[in-house]
Enquirer: 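What follows is a structure written as structure tokens; I'll ask about it next.
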Amino acid sequence: MPKIVVFGATGYTGRLTAEALIARGAAPVLAARSAAALGKLAADLGGAETAVADVTDPGSVRALLARGDVLVTTVGPFLRYGGPALAAAVAAGAHYFDSTGEGPFIRSVFDHDDAARKAGIGLLTAFGFDFVPGNLAAGLALREAPDAVRADIGYFIASPGTSGGTRASMAGMLFERGFALRGGQVVPERTGSRIRAFDVAGRSRTGVSIPGSEHLALSRAYPRLREADVFLGLPPAAARGLQVGSLLTGAVARVQPVKRLAAGVLERVVQGSTGGPGPEERARTRSWAVTETFDDTGRVLASVTLTGVDPYDFTGAILAWGAQIALDGGLLGAGALGPVDAFGLDALTAGAADAGFTR
């Protein structure tokens, strides 16, 4: 019988996802590398099936899955550790969800589109706060303005906390190339190359450009779209600092021995498995996703703002929602899918609302 497997269940986001699945009445298999940690988690959650698997032993990850299963993986940083889970899902014929926010890894998932289509499975990468709300906001704006040729999407958080995994992922991204949608094609573009302001809840907030799943997913769902930018909200000084810093790290990244040395130092300094904000801190956090769409003269055609809960709470809840629908055969297609083409705009709107994000 097909099942949902949560790989990385003992980590911060993995536990939130497991809790959300159980709250929905699902019976996920909890997988991680430590049998002792799995046993404690299963007991905390009232009992659950567990399985030991480690990315350093790809066969153990492959052994988790059978055809028709759904794999939810939160094992990151994904550029370092994500490959075995993705490969295992494709080989097994299992649907795949991950919680990455790392642009280059997102692009690598879309590179498996043909293999996933042949296997009849869906691959849904970055299926969390990064980057479901922006895809949804853009889809709603493009439904209101179907002739739009450009979309700007911004993500903003008030009173944010960060997990160790998020910090490790951000560190790992410092020396990687970004990308954007230009002329209907996804092309290389330096992270932080653009800065702009958005109106968020009546206040001007600054965003700096980053690579996201929207560049890859929206251009498939909306072929008229020729340009897209995704922005991460930061204070103006921090946005300018990222912009300048990306010039320096870009220069370092072009010298491979120096890049490897710098990345190795960061890997040792920034540890991933260090927990994250607790329930009380998450309860104070609010977040927004904003999309503006434009015609070819730069005139704004539509604007959509979604307001939501803490990004980690949303990520756990939306992963649980998507995995359950996939298990029940509810995906609308096969291949590397964006949130809109995987579920349809109306179902995604309802699912995001259930997970805490509404217009």
Side-chain angles (χ1 to χ4, degrees), residues 101 103-104 106-111 113-114 116-117 122-127 129-156 177-200 207-233 288-306 331-349 351-352 357 359:
I106 294 168
R107 195 162 189 177
S108 75
V109 174
F110 276 84
D111 288 341
D113 181 58
D114 287 342
R117 288 177 187 270
L123 307 179
L124 287 105
T125 185
F127 204 77
F129 178 74
D130 300 356
F131 288 92
V132 174
N135 277 275
L136 174 56
L140 293 169
L142 289 165
R143 181 158 69 180
E144 292 180 9
D147 293 333
V149 296
R150 182 180 129 218
D152 282 0
I153 302 114
Y155 289 87
F156 302 90
R177 296 186 74 184
F179 52 82
L181 184 69
R182 300 283 178 259
Q185 301 293 320
V186 178
V187 300
E189 185 168 293
R190 179 173 52 84
T191 297
S193 61
R194 300 189 180 204
I195 293 177
R196 62 151 292 182
F198 289 80
D199 180 7
V200 182
V208 61
S209 60
I210 59 172
S213 76
E214 289 91 340
H215 301 118
L216 297 145
L218 291 175
S219 58
R220 296 184 178 196
Y222 302 95
R224 286 185 61 89
L225 194 66
R226 310 304 294 167
E227 291 199 11
D229 281 294
V230 180
F231 296 85
L232 174 65
W288 297 266
V290 182
T291 293
E292 291 182 348
T293 57
F294 306 84
D295 63 16
D296 55 8
T297 70
R299 180 171 62 98
V300 176
L301 298 181
S303 179
V304 170
T305 298
L306 304 180
L331 293 182
L332 300 182
L337 304 172
V340 175
D341 50 340
F343 300 100
L345 197 53
D346 291 333
L348 184 64
T349 300
F357 246 89
R359 189 167 184 176

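One-based numbering along the sequence shown.
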Enquirer: Does some side-chain heavy atom of Val132 sit less than 4.5 Å from a side-chain heavy atom of Leu348?
Expert: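 Heavy-atom side-chain distance check passes, below 4.5 Å.
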Enquirer: Counting only N and O atoms by type, is there a donor-acceptor contact under 3.5 Å from the side chain of Ser209 to the main-chain atoms of Ser193?
Expert: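 At least one qualifying donor-acceptor pair exists.
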Enquirer: Phe110 vs Thr125, test: side-chain contact (heavy atoms from CB on, under 4.5 Å). Steps then yes/no.
Expert: CA-CA 8 Å; Phe110 276 84; Thr125 185; 3.8 Å; yes
Enquirer: Could you tell me whether Phe156 and Phe231 have their ring centroids closer than 6.0 angstrom?
Expert: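 No, ring centres 6.0 Å or more apart.
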Enquirer: Look at the side chain of Arg359 and the backbone N and O of Ala137, then say whether any donor-acceptor pair between them is shorter than 3.5 Å.
Expert: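 Flag not set: sc Arg359 to bb Ala137 has no pair under 3.5 Å.
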Enquirer: Ignoring hydrogens, what is the shortest heavy-atom contact between Thr293 and Ala141? Give both atom names and the distance.
Expert: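 Taking Thr293 first and Ala141 second, the nearest heavy atoms are CG2-CB, 3.7 Å.
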Enquirer: Can you give me the closest heavy-atom contact between Thr191 and Pro211, atom names plus distance?
Expert: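 Looks like OG1-CD, 3.4 Å.
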Enquirer: Return a table of donor-acceptor pairs under 3.5 angstrom between the side chains of residues 332-339 and protein atoms on other chains or two or more places apart.
Expert:
none

Enquirer: To the nearest 0.5 Å, how far apart are CG in Asp147 and CG in Asp296?
Expert: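 Those atoms lie 10.0 Å apart.
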Enquirer: Show your working on side-chain contact (heavy atoms from CB on, under 4.5 Å) between Val304 and Val290 and close with a plain yes or no.
Expert: CA-CA 6 Å; Val304 170; Val290 182; over 6 Å; no
Enquirer: If you look only at pairs with a residue in residues 215-225, which of them pass as a side chain to side chain donor-acceptor pair (under 3.5 Å), with sequence neighbours excluded?
Expert: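 Sorted result for residues 215-225: Asp113-Arg220.
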Enquirer: What is the ring orientation for Tyr155 with Phe131, classed by angle as parallel under 30°, tilted 30 to 60°, or perpendicular over 60°?
Expert: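 The arrangement is perpendicular - the two ring planes meet at more than 60°.
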Enquirer: Between Ala289 and Gly134, what is the shortest heavy-atom contact and its length?
Expert: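 For Ala289 and Gly134, the tightest heavy-atom pair comes out as CB-N, 4.0 Å.
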Enquirer: Can you tell me how far CG of Asp199 sits from OG1 of Thr305, rounded to the nearest 0.5 angstrom?
Expert: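 These two atoms lie 7.0 Å from each other.
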Enquirer: Any heavy-atom pair between the side chains of Asp229 and Arg182 that's under 4.5 Å?
Expert: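 Yes, close enough: below the 4.5 Å cut-off.
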Enquirer: Among all residues two or more places apart in sequence or in another chain, which pass the ring-ring contact (aromatic ring centres under 6.0 Å, His included) test with Phe343?
Expert: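 In terms of ring-ring contact (aromatic ring centres under 6.0 Å, His included), with neighbours along the sequence ignored, Phe343 is linked to Phe127, Trp321.
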Enquirer: Please report the shortest heavy-atom distance between Thr291 and Ala151, naming the atom on each side.
Expert: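 Closest approach of Thr291 to Ala151, heavy atoms only: CG2-CB, 4.5 Å.
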Enquirer: Is it the case that over 12 heavy atoms from other parts of the model lie below 6.0 angstrom from the CD atom of Gln185?
Expert: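 12 or below, so no.
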Enquirer: Heavy-atom distance under 4.5 Å between the side chains of Arg299 and Leu301, does that happen here?
Expert: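 Side chain of Arg299 against side chain of Leu301, heavy atoms only: contact under 4.5 Å found.
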Enquirer: Using every non-hydrogen atom in the two residues, find where Gly101 and Ile106 come nearest and quote the distance to one decimal.
Expert: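 For Gly101 and Ile106, the tightest heavy-atom pair comes out as C-CD1, 4.3 Å.
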Enquirer: Quick one: CD1 on Ile210 to CD on Glu189, what's the gap to the nearest 0.5 Å?
Expert: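 One gets 12.5 Å once the value is rounded to the nearest 0.5 Å.
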Enquirer: With the side chain counted from C-beta on, respond yes when Phe198 and Trp288 share a heavy-atom pair under 4.5 Å apart, and no when they do not.
Expert: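 The answer is no, as the side chains (C-beta and beyond) never meet within the 4.5 Å cut-off.
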Enquirer: Check whether any side-chain heavy atom of Leu218 lies under 4.5 Å from a side-chain heavy atom of Leu181, and answer yes or no.
Expert: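 Leu218 does not reach Leu181 side chain to side chain.
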Enquirer: Test Asp346 against Arg143 for side-chain contact (heavy atoms from CB on, under 4.5 Å), laying out the working first.
Expert: CA-CA 11 Å; Asp346 291 333; Arg143 181 158 69 180; 3.0 Å; yes
Enquirer: Rounded to the nearest 0.5 Å, what's the gap from CZ on Phe357 to OG1 on Thr349? Could you check?
Expert: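 Separation between the atoms: 13.0 Å.
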Enquirer: Could Glu292 and Arg150 be called an ion pair, given the rule that one side-chain N must be under 4.0 Å from one carboxylate O?
Expert: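 No.
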Enquirer: Just by distance, with hydrogens left out, do Ser213 and Asn135 show a side-chain donor and acceptor under 3.5 Å apart?
Expert: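 Looking only at side-chain atoms, Asn135 and Ser213 do form a donor-acceptor pair, the distance falling under 3.5 Å.
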Enquirer: Using modelled atom types and a 3.5 Å cut-off, is there a donor and acceptor pairing between side-chain atoms of Arg226 and backbone atoms of Val149?
Expert: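 Judged by distance alone, no pair lies under 3.5 Å.
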Enquirer: Taking the basic N atoms (NZ, or NE/NH1/NH2) and the acidic carboxylate oxygens, is any pair closer than 4.0 Å for Asp152 and Arg194?
Expert: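 So Asp152 does not pair with Arg194 through a salt bridge.
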Enquirer: Does the side chain of Leu136 come within less than 4.5 Å of Leu306's, by heavy atoms?
Expert: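 Touching, per the 4.5 Å side-chain cut-off.
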